[in-house]
There are 2 protein chains.
Amino acid sequence: MAQDTRANILDTAEALFSERGFYGVSLAAIADRMRLTKQALLHHFGSKEKLYGEVLERISHRFRTIEDEIDTPGVAPDEVFCAYMMRLYQLSQERPDQTRLLVRELLDNRRRANTAGTWYLTAFLQGLIDRLKVLPDWQYASEADCLALVYQLLGALNYYAISQPTLTGIFGSPAYAALDTAFPGRFERLVAGALTAGP
Amino acid sequence: MAQDTRANILDTAEALFSERGFYGVSLAAIADRMRLTKQALLHHFGSKEKLYGEVLERISHRFRTIEDEIDTPGVAPDEVFCAYMMRLYQLSQERPDQTRLLVRELLDNRRRANTAGTWYLTAFLQGLIDRLKVLPDWQYASEADCLALVYQLLGALNYYAISQPTLTGIFGSPAYAALDTAFPGRFERLVAGALTAGP
DNA sequence: TTCATAACTTACCATATGGTAAGTCGTCAA
DNA sequence: TTGACGACTTACCATATGGTAAGTTATGAA
């Protein structure tokens, strides 16, 4: 039950932080939504910063598990890379909260003495780069070139994932629905195109 | 002098809002940096929300002027599109504050009843789509396909622009410098690749 | 000279913030 | 039965927040 409450707090905190950012959310706001007092949160987590830290940590942990599920032997490396990117697209859509929070971290990184922003990305980005360098066309490409491509693709995904409200606002729900249908296919072609073009 | 102060306030506000977000910045913080009292800001802008609104408005205005400078007659349409994208890359690097603030707006759009997020993007995105639909390969592509591609490219740019601190943190300054050199070339190829691949 | 107005400042104020201290209450092992 | 402990709550507190009200001071037109 205790672990349950903790997890619930982390869930609500994640949702709220992702919507309003660290400064936009008060402990009281999180507590209210759970019919608790803010002191309950302080009891469990010690401080707002620590609570926020655990939210990030949990996301980081989630990310670490994706790596494993994608590597299936006997599949062509370019397809592995492509599949990985599509999996990331899927993930960015399935967990928009998480995506938003990570983008917020990217923005806030410069301010907070947050080693946190670095943590999960390091291994994750390196993994992507490695999977790219396996490809015949890319094995002699510079690290920088690989990272640039990988990051461009990640950007395409994550930027889109945080734009849903704005895009719906601009183009309306039907048009957004059409875009949302078209997006994954287009993204797949973008990835494939970039791969075959070579460095 | 008065207009000067106003502009200065808007400058500092833009810088601070872009670094910490709306809730992360207090009127006092902005005022302090200018050796003014927060009441001076309230005198000029009425409220924090209005000050923030004017910051956005000013950015929006800046954006509207790019459109004009790019259309040069006698240039092949695919080069126009490509040049436009490269100009946007350049802009995202020249004014990282602006880029960060816009991404923050994307994130916060859902919360604030902000029509502001919509304003500048509408014409801007439509302009990009139109410039894409001019191309022979793309003239019969669906609006959704065009928007998807355009948005993917924008995402690649803007996501990268807000990631400088994180990327430096992960890979170190020299590696980041190499990445920064490689990025525009790679981005140009991404654009070109996507264009020639067709819809 | 006068007087209005703009550009501020000092003085407040209600509210919200993160956090501390000291309880209350139920559970569960000894 | 007791007593420790975990999961909370109520009571506070110093500080910061956005905002109002009422000055003060400089400038420039009548």
Side-chain angles (χ1 to χ4, degrees), chain A residues 1-58 101 104-105 107-109 111-116, chain B residues 1-58 101 104-105 107-109 111-116:
Chain A
M1 288 297 122
Q3 286 309 311
D4 224 42
T5 315
R6 255 186 85 92
N8 285 342
I9 293 175
L10 285 170
D11 284 341
T12 16
E14 184 172 335
L16 281 173
F17 281 136
S18 87
E19 272 186 39
R20 310 187 180 193
F22 182 77
Y23 290 118
V25 179
S26 68
L27 289 175
I30 302 169
D32 277 1
R33 188 179 276 208
M34 309 187 59
R35 302 188 169 233
L36 285 177
T37 59
K38 65 175 177 171
Q39 283 72 12
L41 311 201
L42 287 170
H43 169 70
H44 283 290
F45 297 95
S47 76
K48 190 186 177 182
E49 284 280 357
K50 283 180 191 163
L51 167 58
Y52 185 74
E54 288 216 32
V55 170
L56 288 183
E57 183 48 48
R58 215 173 49 147
L101 199 49
R104 282 193 193 278
E105 263 306 292
L107 287 162
D108 292 347
N109 231 351
R111 170 180 42 90
R112 210 172 295 139
N114 224 341
T115 55
Chain B
M1 289 293 127
Q3 286 308 309
D4 223 42
T5 315
R6 254 186 86 94
N8 286 341
I9 293 175
L10 285 170
D11 284 340
T12 19
E14 185 173 335
L16 281 173
F17 281 138
S18 87
E19 270 187 39
R20 310 187 181 195
F22 182 77
Y23 290 117
V25 179
S26 69
L27 288 176
I30 303 169
D32 278 0
R33 188 178 278 209
M34 310 188 57
R35 302 183 169 237
L36 284 176
T37 59
K38 64 176 177 172
Q39 283 70 13
L41 312 201
L42 288 170
H43 169 70
H44 282 291
F45 298 96
S47 77
K48 189 186 179 183
E49 284 279 357
K50 283 180 191 164
L51 167 58
Y52 185 74
E54 287 215 34
V55 170
L56 288 182
E57 181 51 46
R58 215 172 50 146
L101 199 48
R104 282 193 194 276
E105 262 307 292
L107 287 162
D108 293 347
N109 231 350
R111 169 181 42 91
R112 211 170 297 139
N114 224 340
T115 54

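Every chain is numbered from 1, with letters handed out A, B, ... down the list of sequences.
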Starting at [atom1] of [X] and ending at [atom2] of [N], how long is that distance when rounded to a whole Å?
| X | N | atom1 | atom2 | value |
| --- | --- | --- | --- | --- |
| A:R6 | D:dC8 | CZ | C1' | 15 Å |
| B:R35 | C:dA7 | CZ | C1' | 19 Å |
| A:N8 | D:dC8 | CG | C1' | 15 Å |
| A:H43 | D:dA7 | NE2 | P | 5 Å |

Just by protein heavy atoms under 4.0 Å, how would nucleotides 13-25 of chain C read 5' to 3' in B, S and -? ----SBBB-----
Establish, with yes or no, whether the OP1 or OP2 oxygen of D:dC8 is under 4.0 angstrom from a side-chain nitrogen or oxygen of A:T5.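 Checking A:T5 against D:dC8: at least one side-chain N or O falls below 4.0 Å of OP1 or OP2.
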Are A:Y52 and A:V25 close enough that some pair of their side-chain heavy atoms sits under 4.5 Å apart?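 No; the side chains remain at least 4.5 Å from each other.
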So do A:L42 and A:L51 actually touch side chain to side chain, heavy atoms under 4.5 Å?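 Not touching, per the 4.5 Å side-chain cut-off.
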Say whether, by atom type as modelled, one donor and one acceptor occur between the side chain of A:R33 and the main chain of A:T12 under 3.5 angstrom.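 Checking the backbone N and O of A:T12 against the side chain of A:R33, no donor-acceptor pair under 3.5 Å is found.
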What residues form a salt bridge (Lys or Arg N to Asp or Glu O under 4.0 Å) with B:E14, not counting sequence neighbours?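 With sequence neighbours excluded, B:E14 shows a salt bridge (Lys or Arg N to Asp or Glu O under 4.0 Å) to B:R58, B:R62, given in chain and number order.
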Do the side chains of A:D108 and B:R104 get close enough for a salt bridge, i.e. N-O under 4.0 angstrom?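 Answer for the salt bridge query: yes.
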For A:D32, side chain to side chain contact (heavy atoms under 4.5 Å, CB included) partners two or more places apart: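 A:D32 satisfies side chain to side chain contact (heavy atoms under 4.5 Å, CB included) with no other residue.
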